[in-house]
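Please read the structure below before turning to the comments.
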Amino acid sequence: PAASSAASAASAAAVSSDDAHAAPPEMALALLADGRLAIVSALRGSEWEETCEELAEDDDEEGDDVTLEGRVVEGSERLLSDDGDGGGPRLRHLVWLSPDVAMVSLDRDPTEEGGGGGGGGGPALLLLRLERAAASAGAAGRDRDRGWRVSVEASIDLPAPVFRITPAGASAAFVQLQPHHRASGQSIRGGGGGGGGEYSVLIAQVVTTTATAAMTLDVQPVAREGARLPGPC
């Protein structure tokens, strides 16, 4: 299926010892139309065009149109639980903060219970952990993106659907809610921004427990007068 949105490119965590001084290959994580995730990487640094050309040569392909195929991330098919009629929960906005951490927003009818990775009904923000099987770490060529899997590490219900998510470092993101929309009777309020004191921008922070490496989400309103989510570059 076609990608409905994509996360920011992230660099791989490590390079081989033979190429220790080269830039690690860039990687991209995409949210597909059916709710699954797919991952794709360049062979070196940001050389995406060169990656297409080299893979085409390896496959003896000819012609100007060379496709760069990603790999579906194992476990991503379980991020949603749909009843099959197209009316179930939907993943909307994805951001990739680091090679092993991503966030995605979940749109869901407030009357639904439990659908998707969230705990109750209504919109939610999911914290995802990405891991790669050690046996796949040295794969090359068209197998270079094999072995990735994803799981929901934490989730938090939101008072309104998400309009946009923007990275704020390797472990946090700004979350902008849709204005004038309330999914429940509660809203996040405070003393700054929004005119009447109602916040539409949140900061979602990943909190990691050192002893167990477990991750949780801490979401707070942006407490700054006139706070707005940075515009896209």
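Residue numbers count from 1 along this sequence.
Rounding to the nearest 0.5 Å gives a distance of 13.0 Å between CD of E74 and CH2 of W148. Remark: L79 CG to R36 CZ distance equals 11.0 Å, nearest 0.5 Å. The line from CG of L202 to CG of D218 is 11.0 Å long, rounded to the nearest 0.5 Å. In this structure, R164 CZ and H93 NE2 are separated by 9.5 Å, a value rounded to the nearest 0.5 Å. To the nearest 0.5 Å, atom CZ of residue R129 and atom CG of residue D100 are 7.0 Å apart. Here CG of L130 is found 8.0 Å from OG of S151. Values are rounded to the nearest 0.5 Å.
Proximity of V152 to L128: side-chain heavy atoms (C-beta onward) are separated by under 4.5 Å at one or more points. Two residues are said to be in side-chain contact when any heavy atoms from C-beta on lie closer than 4.5 Å; W48 and E26 meet this criterion. Side-chain contact between M103 and L217 is present, with heavy atoms from C-beta onward closer than 4.5 Å.
At least one donor-acceptor pair under 3.5 Å links the side chain of S76 to the backbone N or O of L37. A donor-acceptor contact shorter than 3.5 Å links the side chain of E77 to the backbone of G75. For R144 (side chain) and S41 (main-chain N/O), a donor-acceptor pair under 3.5 Å exists by modelled atom type. Proximity of a side-chain donor or acceptor of R78 to a complementary backbone N or O of V150 within less than 3.5 Å is not detected.
Grouping the Ile, Leu, Val, Met, Phe, Trp and Tyr side chains by contacts below 4.5 angstrom, directly or via other members, places L29 apart from L43.
The one candidate from I165, V175, V104, V101 that meets the side chain to side chain contact (heavy atoms under 4.5 Å, CB included) condition with V95 is I165.
The two residues P123 and P161 come nearest to each other via the heavy atoms CG-N, 3.7 Å. Taking every heavy atom of both residues into account, R149 and A133 meet most closely at NH1-CB, 3.7 Å. Taking each heavy atom of A139 and D143 in turn, the nearest pair found is CB-O, 3.0 Å. In terms of heavy-atom proximity, M215 sits nearest to A154 at O-CB, 3.9 Å. Listed here is the closest heavy atom pair of G147 and S136: CA-OG, 3.5 Å. Shortest non-hydrogen contact noted between E69 and V40 is O-CG2, 3.7 Å.
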Handout entry: Stepwise side chain to side chain contact (heavy atoms under 4.5 Å, CB included) check, F163 with L177
Key = CA-CA 5 Å; F163 175 71; L177 304 180; over 6 Å; no

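Dense packing is recorded around CD of E50, with more than 12 heavy atoms of other residues, nucleotides or ligands lying under 6.0 Å away.
With hydrogens and angles left out, the side-chain atoms of S200 and Q176 include no donor and acceptor closer than 3.5 Å.
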